[in-house]
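Okay, so here's the structure we're looking at.
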2 protein chains.
Amino acid sequence: MRTVSETNTHDDRPLPLRERKKRRTRHALSEAALHLFLERGFDAVTLDELVDTVEVSKRTFFRYFESKEAVATAAEHELWDTYLDELANASLTGPVLDVLHACLTAAVRSMDTEWERRFLATRGLIARTPQLRDHSDLASLLTQERIAEQLGDRLDGTATSDVRIRLLSEIAMAAWRTAARRWVRANRETAFRPAAEPEHGQAATTRADLIDSIDATYAALGDSLTLQA
Amino acid sequence: MRTVSETNTHDDRPLPLRERKKRRTRHALSEAALHLFLERGFDAVTLDELVDTVEVSKRTFFRYFESKEAVATAAEHELWDTYLDELANASLTGPVLDVLHACLTAAVRSMDTEWERRFLATRGLIARTPQLRDHSDLASLLTQERIAEQLGDRLDGTATSDVRIRLLSEIAMAAWRTAARRWVRANRETAFRPAAEPEHGQAATTRADLIDSIDATYAALGDSLTLQA
DNA sequence: TAAGCAAACGCCACTGAGTGGCGAATCTGA
DNA sequence: TCAGATTCGCCACTCAGTGGCGTTTGCTTA
């Protein structure tokens, strides 16, 4: 039993002031970055500009984000963190590929609506900025590496199966990249507007579509291996 | 019959002088780069240094290579070019994955010994330089993209199979990355010395090992998909 | 509530990759 | 031998990212 004063859902109050300030700075930076980048393009905005609008020193910026690309893809990084958490808490039973698939969709589902908005913006930027696409792909490869490590620790560690674990992680991420790219391509024009109109009756790009794309892609994995000319 | 004066192996003569000079410059740059990077580390060598030792302006450097990373991984790029050529000339019959597998090993086999030396050096650098590992991974993703495009053009272009083609390309490259990483990891200490001793009786890292690793990895693809916990 | 401590920040100078512009050298083809 | 076109060198510039250091700000203990 916890005391009443200790709210456990989204408790922002009990956090030390210092921590709250940090969150606010981080949030302000990533929010302003998305806004500026969408407005004028990733390349056209310099870090000095971004840093000026948030009224923070450039030195401080790099205490929060490790690169200009990182602040634009923060939402994706959060997804990967959640994904890895899901996997860490999942029980490894049955086909491992199914577990990875389930963890990924669970991660996507568990993000809040704030995240969804930022993620859409990020993917919009990625779609029109090669540099960001590279950074995003790299992040997926890094995550894949982490997955392989985690699986390697938790499954039997025979050297023979090590190749299979690495391959499995690769394949799982391949499914993500394929699904995400398909999903982005289908929405290049319709979505990703700088100022998102809130309640457009039109069918907007939702995370449900993304999850559908993921499911469909995972389902196509088996066929792909044996694809005939 | 050719005249005796016209040697056909490595004929550098019939090429216009301008072209020969360009080749020499490019070769000198990539050769000096490998040497310097292996000697003192990728980060410790500045472009200005490299450019000074070759006695070329920095401006000229960027007319030959698009980045500092590119000059260190030139050998890999050549492999990808050859791979794509192989694929372009291959007949698409039977399982597409087998075709990709065959093209890759064929490409590796068709490179000359000069290439092998440079490739080994490059992989040694990649193994110890995260920045280069990223660049190499990105190059493999880009190649994978090209493969998907080529396959998309040559196979039937139904939207349904598009996902499978992308996935197949991803999976094929996943096999490469896994194989190459395994191969590098197995030789991190034994090989990749700045000044390679020519005829060490000891078993040295050869491209045969690499091809074996590729074969083994492709063979493990099917199992990986159905890997059970 | 005052003192002391550590974390976070701002400022500033600096490195180094990559680019733009333009005039000079060099190759080529008639 | 003389245009015309490439290619190159030089120089100044932009901008991401880092190191150092002094100052502020929140936290803690007396």
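So that the names make sense, note that chain A is the first sequence line, chain B the second, and so on, each numbered from 1.
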Spacing between [X] atom [atom1] and [N] atom [atom2], to the nearest angstrom:
X	N	atom1	atom2	result
B:Arg23	D:dC8	CZ	P	14 Å
A:Arg24	D:dG26	CZ	P	10 Å
B:Glu55	D:dC8	CD	C1'	14 Å
A:Lys21	C:dA6	NZ	P	20 Å
A:Glu19	C:dA6	CD	P	18 Å
B:Asp52	C:dG16	CG	C1'	14 Å
B:Tyr64	C:dT19	OH	P	17 Å
B:Arg26	D:dT6	CZ	P	20 Å

Identify whether the distance between the nearest side-chain nitrogen and carboxylate oxygen of [X] and [Y] falls below 4.0 Å.
X	Y	value
B:Glu49	B:Arg40	yes
B:Glu145	A:Arg133	yes
B:Glu149	B:Arg154	no
B:Asp137	B:Arg181	yes

Check: protein-nucleotides 15-18 of chain D nitrogen or oxygen pairs below 3.5 Å:
{"residue": "D:dA16", "atom": "OP1", "partner": "A:Lys68", "partner atom": "NZ", "Å": "3.2"}
{"residue": "D:dA16", "atom": "OP2", "partner": "A:Leu47", "partner atom": "N", "Å": "3.1"}
{"residue": "D:dG17", "atom": "OP2", "partner": "A:Lys68", "partner atom": "N", "Å": "2.8"}
{"residue": "D:dG17", "atom": "N7", "partner": "A:Lys58", "partner atom": "NZ", "Å": "3.2"}
{"residue": "D:dG17", "atom": "O6", "partner": "A:Lys58", "partner atom": "NZ", "Å": "3.1"}

TODO: Ignoring hydrogens and angles, answer whether the base of D:dG26 and the side-chain atoms of A:Arg20 contain a donor-acceptor pair closer than 3.5 Å.
DONE: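 Check fails, no donor-acceptor contact within cut-off.
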TODO: Taking all heavy atoms of A:Leu167 and all of B:Ala175, pick out the closest pair and write down the distance.
DONE: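 Closest heavy-atom pair between A:Leu167 and B:Ala175: CD2-CA, 3.9 Å.
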Open item on the list: Does the plane of the ring in A:Phe119 sit parallel, tilted or perpendicular to the ring in A:Trp115? Use 30° and 60° as the thresholds.
Closed with: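 Parallel: the ring planes of A:Phe119 and A:Trp115 meet at under 30°.
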